[in-house]
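Presented below is the structure to which this report refers.
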2 protein chains.
Amino acid sequence: MNIGTASDRIGLPVKTIRYYEEIGLVRPARSENGYRDFEEADLQRLKFLQRSRSLGFSIEECRELLSLYEDRNRASADVKALTRAKILEVERKISELESLKRTLSDLVEACHGDARPECPIMDDLAGKKDPPSTD
Amino acid sequence: MNIGTASDRIGLPVKTIRYYEEIGLVRPARSENGYRDFEEADLQRLKFLQRSRSLGFSIEECRELLSLYEDRNRASADVKALTRAKILEVERKISELESLKRTLSDLVEACHGDARPECPIMDDLAGKKDPPSTD
DNA sequence: GCTTGACCTTCCAGTTGCTGGAGGCCCTAA
DNA sequence: TTAGGGCCTCCAGCAACTGGAAGGTCAAGC
């Protein structure tokens, strides 16, 4: 199967698939004409990558997950640990963003937002006193 | 004032300051020996950049904010609009992450996490049926 | 048999916002 | 005079692709 067909079947851009090959995440065979030749096992790997990437795993984490995936004797505890770590990371990001949002909202609250130039948001950015806390 | 001193005063790495100059966000004077020579107005801009970057504004947004900052006749409404847009963006990111977290948590829930190889997380990544919804 | 156009190949460059390092000048103090 | 720091520029690299150029391949239509 050519790369275009694989791309259609999986829903990953052609460029992305080539990139995944370049960094060693898939190793499709080659036809005589030099074209990549994907078989079902390759599609399976690509699907796996697509799903794990969409769940926020980094490329390196995907590499690790893939190798666990192909290890018939892996312990589910290992997979669970990786996933737990990812959840913590996501939670950290969320709380950072929450705090950012509070700060921005406070600033917006304080700004009359009309044609006049006076602006508490600008004052805060410029480092004037009494900025809303960023936590 | 040399770049090292400016860096200490503001708390931005020397490399970052040089980068900001490269992309035209600051334009410090030069001494005869070729060294950058920062004055208070430059520090002010750098502080402004530091704060707006820390609030999640992109470099291009910072450029826009800076030009508003230096426009004596700007309308506070413009600043407020930019900030509001940023809040929406932050909210979008938060809800994406929330949904991600739910999916990952569901997966972790379902996984016994012991030495056996059977693993619902892997099954989901591999595209087996009954995956927890990602929303 | 030839052309057209879709598809494939590789390689290089760009994205964002820096960061690290090499190689080399400048300045001050001992 | 030499050692050390600080400063300079330029190049490369991070993540994870994405776009484009230049060129080979293939199938269909005339």
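Note on naming: letters A, B, ... go to the chains in the order of the sequence lines (proteins, then strands), and numbering restarts at 1 for each one. The structure displayed is predicted, hence computed values, not measured ones. Just the heavy atoms: all of them, side chains too, but no hydrogens, waters or symmetry mates, feed the values below.
Which of D/dC7, C/dC8, D/dT18 sits closest to the side chain of B/Asn2 comes down to D/dC7. Of all nucleotides listed (C/dC26, C/dT10, C/dC18), C/dT10 comes nearest to the side chain of A/Arg30.
Distances shown here put a side-chain N or O of A/Thr16 below 4.0 Å from the OP1 or OP2 atom of D/dT18. For D/dC17, one of the phosphate oxygens OP1 or OP2 lies less than 4.0 angstrom from a side-chain nitrogen or oxygen of A/Tyr20. Applying the 4.0 Å criterion to OP1 and OP2 of C/dC25, one finds that B/Asn33 has every side-chain N and O outside that range. Of the side-chain N and O atoms in A/Arg36, one or more sit less than 4.0 angstrom from OP1 or OP2 of C/dT9. Put simply, B/Arg53 has a side-chain N or O that comes within less than 4.0 Å of OP1 or OP2 on C/dC18.
Atom CD1 of A/Ile59 and atom C1' of D/dG13 are 17 Å apart (whole Å). Summarising the geometry, the separation between CD on A/Glu32 and P on C/dT9 is reported as 15 Å, rounded to the nearest angstrom. At whole-Å resolution of the value, CG in A/Leu25 and P in D/dA16 are 10 Å apart. Rounded to an integer number of Å, the gap from CG of A/Asp8 to P of C/dC7 is 9 Å. For B/Glu21 and C/dC18, the CD to P distance is 15 Å, given to the nearest whole Å. Atoms CG (A/Asp37) and P (C/dC8) sit 12 Å apart, rounded to a whole Å. Between B/Ile23 atom CD1 and C/dT15 atom P there is a gap of 12 Å when expressed in whole angstrom units. Protein atom CD1 of B/Ile17 is 11 Å distant from nucleotide atom P of C/dT19, rounded to whole Å.
Not a single donor-acceptor pair under 3.5 Å links the side chain of A/Asp37 to the backbone N or O of A/Arg30. A/Arg45 contributes a side-chain N or O that, together with a main-chain N or O of A/Leu25, makes up a donor-acceptor pair within less than 3.5 Å. Not a single donor-acceptor pair under 3.5 Å links the side chain of B/Glu118 to the backbone N or O of A/Ser76. B/Lys101 places no side-chain N or O within donor-acceptor distance of the main-chain N or O of A/Val90, the cut-off being under 3.5 Å.
The existence of a salt bridge linking B/Arg74 and B/Glu64 is excluded, since no basic side-chain nitrogen approaches an acidic carboxylate oxygen closer than 4.0 Å. The existence of a salt bridge linking B/Glu40 and B/Arg9 is confirmed by a sub-4.0 Å separation between a basic side-chain nitrogen and an acidic carboxylate oxygen.
Residue-level contact check: B/Ile3 touches the backbone only, with heavy atoms under 4.0 Å from sugar-phosphate atoms and none from bases. Looking at heavy-atom distances under 4.0 Å, B/Arg18 makes contact with a base.
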Exercise. Where do A/Lys86 and A/Glu89 land on the salt bridge (charged side-chain N to carboxylate O under 4.0 Å, His left out) test, with the steps shown first?
Worked result: CA-CA 5 Å; A/Lys86 185 50 63 174; A/Glu89 213 176 285; 3.0 Å; yes
Exercise. A/Glu60 and A/Arg63: salt bridge (charged side-chain N to carboxylate O under 4.0 Å, His left out), yes or no, with the steps?
Worked result: CA-CA 5 Å; A/Glu60 285 319 306; A/Arg63 201 188 293 279; 2.9 Å; yes
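At its two ends the helix from C/dG1-D/dC30 to C/dA30-D/dT1 runs along axes set 40° apart, each axis drawn from five pairs and the angle rounded to 10°.
For A/Lys15 against D/dG20, a side-chain-to-base donor-acceptor contact under 3.5 Å is present.
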